[in-house]
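Structure first, commentary second.
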Amino acid sequence: MIPPPAQIVQRLKRKYPRPSIDPDWLEGCYTWIREELHLTPENDMEEIMKHVEEQLLQSDFTDSMLAGTGFPPGITNADETILEGPILVEVTGIMEIGHSAYSLMQIYESRIEYRRQAQLRIANGDEDPGEQKPIPKYPRSMLQLELSDGASVLTAVEVKKLPELELGETPLGYKVDCLPESAVSMS
């Protein structure tokens, strides 16, 4: 394996100070980029950096981050706390808690039927986009999130609406950068 240049390690530490990136994961990622994409640090540093960051943000933090370097010690035992950044976290669960389970189940079933109908249209060759209705959206009030630093998982409740997060649209594994000026309440 090829160790990454110090410039890459330092830039990642500055941009994502917590949790710490696992050096073995970073070395493997860098080696893969060098060998598969045939990039060299002398000529392609920005391109390499872009690919490393892309791989990091698509990775599962249990694989790419060092345990014990993200959330503050003891936070998982606290009844209620405020998580202050900067810290990069991974969304491992999303649940709408401001609407009834019954209304969410109705939307879920509508979405399944929508997908089934879309598959039938495609199978029958009826692909007129002008006739398609949009997929039903889940109602939006307040989200409960499961956030991970790669080693621990915390339950967080959205106090202020985060428009980037949407039930049924935001994929699990989505990364959120909690900056110093934006604290996240955990309860």
Side-chain angles (χ1 to χ4, degrees), residues 12 15-19 21-22 25 29 33 49-65 70-71 75-76 80-187:
L12 288 169
K15 188 163 187 180
Y16 306 113
R18 293 187 317 173
I21 298 169
D22 183 331
W25 178 90
C29 177
I33 290 167
M49 191 64 210
K50 183 185 98 170
H51 285 291
V52 168
E53 190 169 357
E54 186 177 280
Q55 290 298 313
L56 176 65
L57 296 177
Q58 291 177 6
S59 73
D60 182 332
F61 277 4
T62 58
D63 297 328
S64 58
M65 298 298 183
F71 295 136
I75 195 168
T76 56
E80 189 174 310
T81 190
I82 294 181
L83 176 64
E84 294 182 13
I87 183 169
L88 186 64
V89 295
E90 179 175 30
V91 177
T92 59
I94 302 173
M95 183 168 50
E96 171 61 52
I97 60 173
H99 288 275
S100 72
Y102 179 73
S103 68
L104 295 173
M105 182 58 110
Q106 285 181 312
I107 297 295
Y108 174 75
E109 289 170 355
S110 296
R111 291 170 68 95
I112 289 174
E113 180 61 22
Y114 176 90
R115 287 188 187 105
R116 190 178 72 73
Q117 291 295 324
Q119 288 173 341
L120 285 173
R121 282 193 304 275
I122 290 168
N124 293 333
D126 303 334
E127 294 187 52
D128 184 8
E131 292 181 19
Q132 292 182 11
K133 297 177 187 173
I135 190 165
K137 290 192 174 277
Y138 286 103
R140 182 74 159 81
S141 179
M142 182 184 291
L143 296 177
Q144 177 178 306
L145 305 168
E146 297 288 320
L147 303 176
S148 173
D149 66 352
S152 302
V153 177
L154 300 176
T155 300
V157 175
E158 176 186 55
V159 177
K160 181 181 173 190
K161 186 175 180 175
L162 302 170
E164 302 85 17
L165 302 178
E166 189 175 337
L167 184 63
E169 299 297 323
T170 303
L172 297 182
Y174 185 84
K175 308 306 187 282
V176 177
D177 198 0
C178 300
L179 301 173
E181 60 274 3
S182 61
V184 177
S185 278
M186 307 290 179
S187 59

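If you take CG on Asp149 and CG on Leu154, they are separated by 7.0 Å, rounding to the nearest 0.5 Å. Between the CD1 atom of Ile94 and the CG atom of Leu167 there is a distance of 6.5 Å, given to the nearest 0.5 Å. Distance check: Met105 CE to Ser110 OG gives 11.5 Å after rounding to the nearest 0.5 Å. We find the CG-CD distance between Leu57 and Glu90 to be 10.0 Å, quoted to the nearest 0.5 Å. In this structure, SG in Cys29 is found 9.0 Å from CG in Leu12, a value given to the nearest 0.5 Å. Leu56 CG to Leu88 CG: the interatomic distance, rounded to the nearest 0.5 Å, is 6.5 Å.
Contacts of Glu146 classified as side chain to side chain donor-acceptor pair (under 3.5 Å), with partners at least two apart in sequence or in another chain: Thr155. Taking the side-chain contact (heavy atoms from CB on, under 4.5 Å) definition, one finds that Gln119 meets it with nothing, sequence neighbours left out. With sequence neighbours left out, Arg115 forms a side-chain contact (heavy atoms from CB on, under 4.5 Å) with Arg111, Ile135. Glu166 is linked by a salt bridge (charged side-chain N to carboxylate O under 4.0 Å, His left out) to Lys137, counting only residues two or more places apart in sequence or in another chain. Considering only residues two or more places apart in sequence or on other chains, Glu53 meets the salt bridge (charged side-chain N to carboxylate O under 4.0 Å, His left out) condition with Lys15. Among residues two or more places apart in sequence or in another chain, the salt bridge (charged side-chain N to carboxylate O under 4.0 Å, His left out) test is passed with Lys161 by none.
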Could you check Leu143 against Glu96 for side-chain contact (heavy atoms from CB on, under 4.5 Å), going step by step and ending with a plain yes or no? CA-CA 5 Å; Leu143 296 177; Glu96 171 61 52; 3.7 Å; yes
Determine, stepwise, if the pair Met142 / Ile97 fulfils side-chain contact (heavy atoms from CB on, under 4.5 Å). CA-CA 6 Å; Met142 182 184 291; Ile97 60 173; 3.9 Å; yes
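Salt bridge status for Arg140 with Glu169: absent, with no side-chain N to carboxylate O gap under 4.0 Å.
At a threshold of 4.5 Å between non-hydrogen side-chain atoms, the residues Arg18 and Phe71 do not count as touching. Annotation: side chain of Leu145 is in contact with side chain of Leu165 (closest heavy-atom distance under 4.5 Å).
Formation of a donor-acceptor pair under 3.5 Å by the Glu158 side chain with backbone atoms of Leu162 is found in this model.
Summarising the geometry of Pro17 relative to Pro86, their closest heavy-atom pair is CG-CG, 3.5 Å, with the distance given to 0.1 Å. Contact record, Cys178 with Val89: SG-CG2, 4.1 Å, taken as the closest heavy-atom pair. Minimum interatomic distance between Leu147 and Ala156 (heavy atoms only, all atoms of both residues): CD1-CB, 3.8 Å. In terms of heavy atoms, Lys175 sits closest to Phe61 at CE-CE1, 3.3 Å.
Residue-environment remark: OH (Tyr114) exceeds the threshold of 12 foreign heavy atoms within 6.0 Å.
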